[in-house]
Amino acid sequence: MRYSFHRTELGYSGLTLHTASSGPVVGLDTLYFVLDDGETRAVGETRLNCAYLNGYAADTLLDAARAHAARTDWSRPPSDLRSELANLDLPAPVRMLFDCTLWDLSARRAGVPLAHLLAGQAVAIDHATNQTLFLSSNAAFDARADAYVARGFRDLKIRVGQYFEADCARLARLRRRFGKDLKLSVDANGLWSVAETPAFLNRLVEYDVAYVEQPIAPGNWDALSRLAEGSPMPLMLDESMVGPRDVAEIIARTGAAQGRLWAHLKLIKTGGITPALAAVRALRRAGVPFMIGQMNEGSLATAAALHLACATQPEHAELYGADGLADDPAGGLTYADGRVSAPLTSGLGISFTAPRANDL
């Protein structure tokens, strides 16, 4: 079994990613891992420039990935290698890289789309997704909202957290322009204080906000529970949902929160499809609504989240990450009419042409 790494920078056409927690992000520092046994070729992807999410520098992630690849016997069964990943001291983005590659390998060897393997039955590789409106000038914000709605995307998440009155003004403009049939949510990325959040939540009722994502910083579960108890809309927890302990916390508090604490699962936080699937099963048993989502990422990482969403049918999905990338070496996703789809072929269903100039 041969393996290789490839690294490249992905960029969007006319879009700068900008949230209250990340600041401006001009591109995606992306790492690919390829396994090739001579008959089957599998590929996974992870993003390296996400220190604002997890604290890891890009070089730290790259070194950890190289070290693990060098000491691993990749000819062993993919299921065995996936099972061992959860117990290894590896950063979550690195575990995601290997876990998704191994799932792609299993599905390609089985000759079925990955979602079929995960679900145990045939499912469509097609799912609804929201789109996000980043911090930007009012003109850029309005133009991008117009473009999304014109393409059939009527589920929009608004990044907020810097100036609340300006955030409200933008929500008001969206409601005036598109009416009540537009689904709006907001994401504060943990920037609000515990003290100001109740007033902010009550104010957002005016704009018929479906849910508020991560209003306060992660770590204070008691405060999140109290806020959810008094909130007029659900609170979707993103940065708070990292590992099994967080899944257990939200399940334990769902009764007191009266069903208004929801979970946002991302492969780059959980460490791949395997732990995310375990989280989905636990949340579903407990009746906790969840979202399958992602950061802004390339087509392979997006496809991994898409296949998981198609297999598990979450209440919400955030799969816009590869929409509009100008130079992605992987391809096959289609965005239209508020949905994203992938070809009904084996594995992730995504083609990959290695960026040779950036081979590692």
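The first residue of the sequence shown is numbered 1, and numbering continues consecutively from there. Quantities reported herein were computed from a predicted structural model and do not represent experimental measurements.
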May I ask you to say whether [X] pairs ionically with [Y], meaning some side-chain N is under 4.0 Å from a carboxylate O?
| X | Y | answer |
| --- | --- | --- |
| E249 | R245 | no |
| R226 | D222 | no |
| K269 | D238 | yes |
| D208 | K183 | no |
| D337 | R151 | no |
| R177 | D142 | no |

Donor-acceptor pair, side chain of [X] and main chain of [Y], under 3.5 angstrom:
| X | Y | result |
| --- | --- | --- |
| E297 | M295 | yes |
| E45 | G298 | yes |
| N202 | P198 | yes |
| N49 | G27 | yes |
| S351 | G331 | yes |

L224 side, atom CG; E229 side, atom CD - distance, nearest 0.5 Å:
11.5 Å
Checking side-chain polar atoms at under 3.5 Å, does [X] have a donor or acceptor matched by the opposite partner on [Y]?
| X | Y | answer |
| --- | --- | --- |
| E318 | N130 | yes |
| D323 | Q131 | yes |
| E213 | H264 | yes |
| H6 | S4 | yes |
| T46 | R95 | no |
| S299 | T302 | no |

Is it true that, when you exclude D181 itself, more than 12 heavy atoms of the residues, nucleotides or ligands shown sit nearer than 6.0 Å to its CG?
yes
Step through it carefully: locate the ring centre of W262, locate the ring centre of F290, and say whether they are under 6.0 Å apart.
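No - the distance between ring centres of W262 and F290 does not fall below the 6.0 Å cut-off.
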Aromatic ring proximity, centroids under 6.0 angstrom, H307 and W103
no
Ring pair (Phe, Tyr, Trp, His ring centres under 6.0 Å): which pairs involve residues 13-70, sequence neighbours left out?
Y3-F33, F5-F33, Y32-F352, F33-W74, F33-F98, H68-W74, H68-F98
Before giving the answer on side chain to side chain donor-acceptor pair (under 3.5 Å), spell out for Q214 and D187 the whole-Å C-alpha distance, their side-chain angles and the decisive distance to 0.1 Å.
CA-CA 6 Å; Q214 200 65 47; D187 186 352; over 6 Å; no
Does F134 share a hydrophobic cluster with L191, counting links as ILVMFWY side-chain heavy atoms below 4.5 Å and allowing steps through other members?
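Different hydrophobic clusters.
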Taking the cut-offs as 6.0 angstrom to the six-membered ring centre and 45 degrees off its axis, would you call R203 and F164 a cation-pi pair?
no
